[in-house]
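All remarks here apply to the structure that follows.
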Amino acid sequence: MTVTADSLLQGLDEQQRIAAEALIGPVCMLAGAGTGKTRAITHRIALGVLTGAYAPNRVMALTFTSRSAAELRGRLRQLGAGGVAARTFHAAALSQLNYFWPHVVGGQAPRILDGKGRILGHAAEALHLKIDTATLRDLAAEVEWRKTSGLSIEQYAAGIARRSLPGRLDVGQVVDLQQTYEKLKDDRKQIDFEDVLLAMAGMIEAEPSVALQVREQYRFFVVDEYQDVSPLQHDLLALWLGDRRDLCVVGDASQTIYSFAGARSDYLLDFPKHYEDATVVRLEQNYRSTAPIVSAANQLMRGRSGALTLHAAQSDTGPDPSVRGYASDMAEARGVAEQILQLIDTGTKPEDIAVLFRVNVQAALLETALTEVGVSYQIRGAKRFFDLPEVKQAVMSLRAASVSIIGEPLFKSVSDVLRSLGWSQTAPETRGAVQSRWESLNALMGLVDQAAAGTTFRQFTDELMERQAGQHEPTVSAVTLATMHSAKGLEWDAVFVVGLSEGLVPISYASTFEQIDEERRLLYVGITRARRRLALSWSSSGVQARAARERSRFLQELGSRTARGAGARTA
């Protein structure tokens, strides 16, 4: 299909269209959950390329995950704007750093650490401190927070009293550990991920020739999930822009769930103050969820700073969200598993169902319960799809075959290769490893149905390799288990949010108003992942049943907005 300006604008609602046609100058899209922001972003960029307002190689679309960047690239390619760069902040900065380092500093850029834990452990040894693995992880998070917040160690030390310190470390020990970490890293000529942004910002500030080349390369910027921008990323973006004003930002203050990592929604909410002539668009028409789910989301965020009021576009109202209480965590897990089995038996696909929770440890009982009823599941954030041995083998085989097989229908070419590896059109009757392998190969086969008409075998494998590089995983026929943090950006027909008791949501260590408000926003993200069915639940005792639990204060706020499920308990 030929892409035209009319076809790009057709199907956009009034506010999306305003955003898409505002091609030049500052633009701020305040986009609520499920309001079609990615559609608005991609159609805006494609329209700019089509009309000649943008040279595609001078546009940079920035986001926060490799998966989101890969999705943007895929959509832009389908809209005729495949030459546009869509990257994470880190990927964009790293590409520039690797290019400029040999010219400015000389030699190759330093090697990037896989993680901070090992060197922090060496720093602890050097200081004769015994620190366990969990504390090292928390210390790594402190290092990241300090750097993304744009603080030197001295500035961090001055304000550290207001933060909860890792483990049983005191202020002096935390500061000494960070100083030793930085020294060891410099001695070994290594940098961490935050250093990539810091080094690139430093080069642009210190080297006029670098600033000139960077700003010559990219003129137009689009930043998705702008509520997640940290001070460090904000500063680097300002350096990339220079004195230009062609910046489009998109975000939702109600989905700010990474404040602990330095994210600040102020940059999004204050954008119209910084650019007084900015085009400001509010996307509040929700195309994802039924009216009762949208109503519950609005109720939860009512009166919060920067909150948008969503309006359900669907005429089908669907069932009210349910609330169920259980006697124990195990009873809750089994109750959810039984409901999931009923949904599958009545036609809902497993891949259209998710169970969301606050912390990873909650997955264990759910795994047990789903296994008991014979339901397949996948844990989001566990071993990545493209890291599975059978998937690696399949990708390599497909790539090799695409070099020599030309002119065949795409379905035949791909299916022939996957059949040689054990795939068949019907699922195996046995469960376990055989079923899991088939599901993985079948997910790759499913990508053929998503390919644009006329896609060649070689083009298909090119896109597959890009997906692999960006960890943009295909859909596997299994129920998803995920934390609410890792579910951001995803959606399912049916969503079960479990563990909604005090101490879990909000989490026990959330004590300040700001921390509890972040927990509220996290639940909002969980609720707005649901398209048609939403089930909320809690239990009155944990595995060890040391003390009775109360249901979450957020459930109490939702009150009459939700329907109580059969067998529901009162707190």
Side-chain angles (χ1 to χ4, degrees), residues 5 8-64 68-69 71-73 75-76 79-81 84-89 92 215 218-229 233-256 263-285 287 306-308 310:
L8 287 172
L9 293 173
Q10 189 176 15
L12 299 182
D13 65 31
E14 181 182 354
Q15 292 302 303
Q16 290 172 339
R17 185 166 184 148
I18 291 171
E21 292 183 312
L23 297 174
I24 305 299
V27 177
C28 178
M29 286 190 231
L30 300 171
T35 57
K37 69 179 178 65
T38 304
R39 181 179 177 84
I41 291 170
T42 52
H43 283 241
R44 178 181 182 273
I45 294 172
L47 183 64
V49 170
L50 179 69
T51 59
Y54 308 152
N57 64 338
R58 300 199 69 191
V59 181
M60 173 68 81
L62 294 160
T63 187
F64 287 83
S68 297
E71 182 182 356
L72 281 176
R73 287 193 296 270
R75 291 210 198 182
L76 288 169
L79 296 173
V84 171
R87 298 174 177 170
T88 64
F89 271 89
R215 291 167 188 164
Y218 296 110
R219 167 67 191 269
F220 304 96
F221 289 85
V222 177
V223 186
D224 191 14
E225 305 288 2
Y226 198 61
Q227 78 279 349
D228 288 337
V229 164
Q233 290 163 333
H234 180 265
D235 291 347
L236 179 59
L237 177 63
L239 289 166
W240 281 336
L241 273 166
D243 59 0
R244 291 154 323 161
R245 297 161 48 80
D246 291 308
L247 170 63
C248 173
V249 301
V250 188
D252 178 10
S254 294
Q255 295 188 67
T256 307
R264 288 177 52 178
S265 61
D266 299 358
Y267 298 125
L268 173 68
L269 298 177
D270 292 343
F271 190 88
K273 297 177 184 176
H274 188 72
Y275 296 99
E276 294 183 355
D277 60 337
T279 299
V280 180
V281 180
R282 298 172 70 90
L283 303 185
E284 297 180 303
Q285 189 82 344
Y287 297 96
L308 299 167
L310 300 178

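All values below come from the heavy atoms of this structure, side chains included, with hydrogens, waters and symmetry mates left out. Residue numbers start at 1 and run along the sequence shown.
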Heavy-atom pair of closest approach, residues [X] and [Y]:
{"X": "Leu308", "Y": "Gly32", "value": "CD1-N, 3.3 Å"}
{"X": "Thr63", "Y": "Ser68", "value": "OG1-CB, 3.5 Å"}
{"X": "Leu268", "Y": "Ala253", "value": "CD2-N, 3.8 Å"}

Sub-3.5 Å donor-acceptor pair from the side chain of [X] to the main-chain atoms of [Y], do we have one?
{"X": "Asp13", "Y": "Gln16", "result": "yes"}
{"X": "Gln227", "Y": "Asp252", "result": "yes"}
{"X": "Arg73", "Y": "Ala86", "result": "yes"}
{"X": "Arg17", "Y": "Glu14", "result": "no"}
{"X": "Arg215", "Y": "Leu239", "result": "yes"}
{"X": "Asp246", "Y": "Gly25", "result": "yes"}

Check: What residue pairs, at least two apart or across chains, pass side chain to side chain donor-acceptor pair (under 3.5 Å) with a residue in residues 45-54?
Finding: Arg44-Tyr54
Checklist line | Chi angles and distances behind the side-chain contact (heavy atoms from CB on, under 4.5 Å) call for Leu237, Val223 | finding: CA-CA 9 Å; Leu237 177 63; Val223 186; 3.9 Å; yes
Checklist line | Set of salt bridge (charged side-chain N to carboxylate O under 4.0 Å, His left out) partners for Arg282, sequence neighbours left out | finding: Glu284
Notebook entry, point to check: Asp266: what forms a salt bridge (charged side-chain N to carboxylate O under 4.0 Å, His left out) with it, not counting sequence neighbours?
Noted result: Arg264
Notebook entry, point to check: Who are the ring pair (Phe, Tyr, Trp, His ring centres under 6.0 Å) partners of Tyr218, not counting sequence neighbours?
Noted result: none
Margin query: The criterion is ring pair (Phe, Tyr, Trp, His ring centres under 6.0 Å); which residues satisfy it with Phe64, sequence neighbours excluded?
Written below: Phe89
Next item on the list: Indicate yes or no: at least one non-hydrogen side-chain atom of Leu9 is less than 4.5 angstrom from one of His43.
Entry: no
Next item on the list: Could you list the residues that satisfy side-chain contact (heavy atoms from CB on, under 4.5 Å) with Thr35, not counting sequence neighbours?
Entry: Ala31, Leu283, Leu310
Rounded distance [0.5 Å steps], [atom1] in [X] versus [atom2] in [Y]:
{"X": "Asp228", "Y": "Thr256", "atom1": "CG", "atom2": "OG1", "answer": "6.5 Å"}
{"X": "Leu72", "Y": "Ile45", "atom1": "CG", "atom2": "CD1", "answer": "7.0 Å"}
{"X": "Leu30", "Y": "Gln15", "atom1": "CG", "atom2": "CD", "answer": "10.5 Å"}

Check: Phe271 and Tyr267: aromatic ring centres closer than 6.0 Å?
Finding: no
Margin query: Parallel, tilted or perpendicular: which one describes the rings of His234 and Tyr226, with boundaries at 30° and 60°?
Written below: tilted
